[in-house]
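Notes follow the structure.
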Amino acid sequence: MSLKKHPIVIAIDGTSASGKSTNAKLVARALGYVYVDTGAMYRTLAWHCLLKRIDARDAKAVAGACRRWKTKLECAEVSGLKAVRLLVDGYFPEKEIRLPETAAAVAHVAAVPKVREWMKKTQRDCIQFGNLVMEGRDIGTNVFPETDYKFYLDATLAERSARRAADGVNENLAARDQRDSQRAVAPLMIALGAVVINNSSMTSEQTSGLLLEEIRKMMSAPK
Ligand code: DC
């Protein structure tokens, strides 16, 4: 009898500019796992709504667009990193989802309960591609609450604001934190049992090194 092994999901949640993307990619690369940026999926829906001239503040219209849009998940490998992409009508809007107008619309889209339901199902479907490193705001609490590998990254507001500014983005992170942690459905919070890493004075090399050390400890711990 062959025992089919269940894919592993490493959940990395945290505040904006806490280094989730950089470190999740480093960890995925080191382990050969597939990287999933769930924020990019919410951004893709926000972009789609803008394209279809749907007001992101109109929850009913956004839920309708999410019900109707034609999407497909694919796993692409770029420079040695395997990553999941959400295609809309066969198109991957890589650049468009980073535009300021998309960023301005995404928090509204992400607060719609029907959207979160759709995202959870779609994000869980990513398991078809194998072991995952998935970053977001509600992965350990809501999308894959059953995983043993939960992390929460954070840094001081001053440090996170400085990081955003260094990237040329001037954003009110305090307001963003408040919106992310106070929304009614799946708010940002520390998952039960998550390893919390405050990386205010750490480099990404140190943060990803610590993440990998913790993951290896968890993997070798008797179950
Ligand atoms: O991480 P990001 O900036 O790309 O996220 C974009 C938006 O999506 C942000 O408003 C938070 C939201 N988001 C969410 O609500 N849940 C997730 N799992 C990921 C992102």
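In each ligand, atom 1 is the first atom listed, and ligand 1 is the first ligand listed. The basis for the numbers below is simple: all heavy atoms, side chains too, and nothing from hydrogens, waters or symmetry mates.
Side-chain contact between Lys20 and Arg137 is present, with at least one heavy-atom pair separated by less than 4.5 Å. Residues Phe151 and Asp13 are not in side-chain contact: their nearest non-hydrogen atoms beyond the backbone lie 4.5 Å or more apart.
When the heavy-atom distances from atom 15 (O) of ligand 1 to Met41, Arg116, Lys20 are ranked, the shortest goes to Arg116. The residue from Val115, Asp138, Val185 that puts a heavy atom closest to atom 18 (N) of ligand 1 is Asp138.
Judged purely by distance below 3.5 Å, without hydrogens or angles, the side chains of Arg116 and Tyr42 pair a donor atom with an acceptor atom. Side-chain N/O atoms of Tyr35 and Glu135 include a donor and acceptor closer than 3.5 Å. For the residue pair Thr15 / Asp154, a side-chain donor-acceptor distance below 3.5 Å is found, with atom types taken as modelled.
With hydrogens left out, the protein atom closest to atom 1 (O) of ligand 1 is Arg137 NH1, 2.9 Å, a heavy atom. Here the protein heavy atom with the shortest distance to atom 12 (C) of ligand 1 is Ala110 CB, 4.0 Å. The protein heavy atom nearest to atom 5 (O) of ligand 1 is Gly39 CA, 3.6 Å. Given atom 19 (C) of ligand 1, the protein heavy atom at minimum distance is Thr38 OG1, 3.4 Å. Here the protein heavy atom with the shortest distance to atom 8 (O) of ligand 1 is Tyr42 CB, 3.7 Å.
Contacts with ligand 1 closer than 4.0 Å are made by side-chain heavy atoms of Arg43 only, the backbone lying farther away. For Val143, no heavy-atom contact with ligand 1 is shorter than 4.0 Å. In Arg183, the part holding a heavy atom less than 4.0 Å from any atom of ligand 1 is the side chain.
Using a 4.0 Å heavy-atom cutoff, Arg176 is listed among the residues neighbouring ligand 1.
Ligand-side atoms of ligand 1 in range of Gly136: 18 (N), 19 (C), range being under 4.0 angstrom from any heavy atom. Every atom of ligand 1 is numbered from 1 in the order shown, and the set under 4.0 Å from a heavy atom of Asp180 is 10 (O), 11 (C).
Taking all atoms of both residues into account, the shortest heavy-atom contact from Ile54 to Ala61 is CG2-CB, 3.7 Å.
Listed for the Ser208 side chain is a donor-acceptor partner under 3.5 Å among the backbone atoms of Ser204.
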Run the numbers on Glu94 and Arg43 for salt bridge (charged side-chain N to carboxylate O under 4.0 Å, His left out), then give the verdict.
-> CA-CA 10 Å; Glu94 186 174 14; Arg43 286 170 180 266; over 6 Å; no
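Between Lys121 and Glu117, none of the side-chain N atoms (NZ, or NE/NH1/NH2) sits under 4.0 Å from a carboxylate O, so this pair counts as no salt bridge.
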